[in-house]
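The model shown is predicted, which means the values in this text are computed figures rather than measured ones. All chains are named by letter (A, B, ...) in the order of the sequence lines, taking the proteins before the strands, and each is independently numbered beginning at 1.
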There are 2 protein chains.
Amino acid sequence: MLSPDQFVETHRPAGGRRSGKRDFIVHVFLRQNGHLSADELVSIIRAEDARISRATIYRTIQWMVEAGIARRVDFGDGKIRFEHAYRHPRHFHLLCKNCQQSFEFLSSDIEAHLEDVCAARRFSASQTVLQVYGMCDACQAGLPPAPPSVPLEMVFARDALRVAIATEQSGLAFYTRATKLARDPRGKKVFARLAEEEKEHLSTLQTRYRELVAQHPDVESQPPFLFFKSASRGLFAGGVDELAADGVDDREALRIGIRCERESHRFFKKYGERLDESEGKRIFLEFADEERQHFELLVREFRSLVARSRVPPARGKRRAAGR
Amino acid sequence: MLSPDQFVETHRPAGGRRSGKRDFIVHVFLRQNGHLSADELVSIIRAEDARISRATIYRTIQWMVEAGIARRVDFGDGKIRFEHAYRHPRHFHLLCKNCQQSFEFLSSDIEAHLEDVCAARRFSASQTVLQVYGMCDACQAGLPPAPPSVPLEMVFARDALRVAIATEQSGLAFYTRATKLARDPRGKKVFARLAEEEKEHLSTLQTRYRELVAQHPDVESQPPFLFFKSASRGLFAGGVDELAADGVDDREALRIGIRCERESHRFFKKYGERLDESEGKRIFLEFADEERQHFELLVREFRSLVARSRVPPARGKRRAAGR
DNA sequence: ATAGATGCAAACCCTTTGCACATTA
DNA sequence: TAATGTGCAAAGGGTTTGCATCTAT
């Protein structure tokens, strides 16, 4: 886990020279939470003590944006705001026109659809802006705006854990079923081993989840940050359904498993890479790696099965070999 | 179909007074295609002849926005652009950073996910901004930018027709199957009648589609404007799958039909209402109405079936009545 | 010594406004 | 004639920039 200073160092472009004022501005900026306009940052800097010129602050903001430390956010009210990227994944916004508060979210489903749209146009996307304007819960009810009681990072870690757990659960169900179903003893063993691994990893994740809740008791009552409807049943859920069909043999089960592991690997890798340094990123990338290993194991197993069923005396599953 | 002038008249707010200059600006604005900045509109107006002050143009743009004739579009480059709403549904944008061209699209899937997100936060949405920045097809290939050869309206009508046709096809499959499956003669008749209606309407829609293609031969080669993955198999596709399961009786089939018709009605109504005056809107609203009628017919039928199965000598389907 | 950072004030860009004048109902 | 629209120029706000002055390497 990077400290704010480390975060800045990893982003500092080569060739410039250090300056105390710039460091001070960056430092103050990273301590802020919401979306600051340049002017707001000026006020904060002035209040924090230093007398730094407006121009320097504008220039430093630009420097941070180029370095990837800050992101421009445009809410369409004439002034540009900035949010820092430290432990803060890219996201979309809900904006309350009444209290001006903003709420952040991420949706893998929406992103997947956007990818479809771009593919249909052969458009190569580099950045997406998605803002929903309206009125927030509290304002509709006439209540005062309530600042979030839990850091966003924790909510995000919670959601990442939830997807991971759902996926492990569906994976466990898949391999348990596949173990029962398998006829080839070697395949059975592989499935059993994977089921065992999923079980272990599942309990690790659940422990991690419990620890998170213990540390931040309010985290469970927070609304979701990461939306992943299509993955909410776990990325193996479809595979489990397929196993239920008639006539699924070892080979077919392996194929389904391979597909699920690949999808799962891609999903977690994609989101893990897209995230900035954070607890959520680590969970996703660890997971992606695990899925890749499973994927490779299954592929090896599949090849071995094919080889065995082709060369030695057949064991009654010839038909598929010709295709 | 409204003419531009009629469109303006339906939007003109009460209480103001007419002015030749304003009418002229509005008229010129409605003839434009893309997204104009105030300054660009000034140049066009100046070129078109009239010498109208910048301030008047700014004020007229504001007037058009308030009247719902123009919509603000902010691409985050410091100047606000405007697009007119005449035969132009609200949409999202792909923006090419290289050639500055913009491409428009609509996605019912993304909108559905956004509704989920808002619901989870109890956020009441009033407006959504969705822009994807990147590089377009032509710019990636090093080709000159190609303006669209078919008016957007036609592409939209094409896509609306496609959803409608897919839905009719799945509806036809549903009712054909349900007719075969039904045991109650009266229910059978209702399903058969609906199958017949779907068939007729399907051929009407297909004719309409062919006419559209005949009028605008290029329309089929255009990339999609309206994305509707979840509805692309037709809104009855899920219902057809359900009919395939074991133990589906008349009552169950009616229930599934009712659900599909209701969903379908809602889908088309929602999109129809959201659209501005256009061919697409008409298709959607006609369709929504049709689905509502089917829905009501099925509900009546369901009630009648329940009444008959409860009061007179039973016909072997008691079990469900108790629940 | 020299490229880079800072401060100040002026310039910039887009947009809105105050006020006198013109137009419409 | 009374309310509304127009023109002009000036003001407004957020942001960038030219230039002289510092400061880190």
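Whole-Å rounding puts the Trp63(A) CH2 to dT16(D) P distance at 17 Å. The separation between Asp77(A) atom CG and dT15(C) atom P is 14 Å, rounded to whole Å. Following rounding to the nearest Å, Ile57(A) (CD1) and dT6(C) (P) show an atom-to-atom distance of 10 Å. When the P atom of dG4(C) is taken as reference, atom CD of Gln62(A) falls 16 Å away, rounded to whole Å.
Distance from the side chain of Tyr58(A) is smallest to dG14(D) among dG14(D), dT17(D), dT15(C). Considering only side-chain atoms of Arg22(B), the nucleotide from dA5(C), dT17(C), dT6(D) that sits closest is dT6(D). Closest to the side chain of Thr60(A), from the set dT15(C), dT6(C), dT16(C), is dT6(C). For Ser19(A), the side-chain atoms get nearest to dT6(C) when compared with the rest of dT6(C), dT17(C), dA24(D). Considering only the side chain of Arg54(B), dT15(C) comes nearest among dG7(C), dT17(C), dT15(C). Minimum atom distance to the side chain of Ala38(B) is reached by dT15(C), of the listed dA25(C), dT16(C), dT15(C).
At the heavy-atom level, Arg81(A) lies nowhere under 4.0 Å from the strands shown.
A heavy-atom distance below 4.5 Å is found between the side chains of His93(B) and Val73(B).
When the side-chain nitrogen and oxygen atoms of Ser53(B) are compared with OP1 and OP2 of dT6(D), none of them lie within a distance under 4.0 Å. Here Lys21(A) does not reach the OP1 or OP2 of dT23(D): none of its side-chain N or O atoms lies under 4.0 Å away.
Put simply, the side chain of Arg59(B) and the base of dG7(D) share a donor and an acceptor less than 3.5 Å apart. For Arg17(B) and dA3(D), a side-chain-to-base donor-acceptor distance below 3.5 Å is present, hydrogens and geometry of angles not being considered.
Remark: aromatic rings of Tyr86(A) and Phe7(A) are close, center separation under 6.0 Å. Aromatic rings of Phe75(A) and His35(A) (six-membered ring for Trp) have centroids within the 6.0 Å cut-off, being under it.
Each of Arg18(A) and Gly78(A) lies near DNA chain D, and the nucleotide nearest Gly78(A) is the one positioned closer to the 5' end.
The salt bridge (Lys or Arg N to Asp or Glu O under 4.0 Å) test with Asp39(B) is passed by exactly one of Lys79(B), Arg81(B), Arg54(B): Arg54(B).
Looking only at distances, a side-chain donor or acceptor of Arg87(B) sits under 3.5 Å from a matching main-chain atom of Leu2(B).
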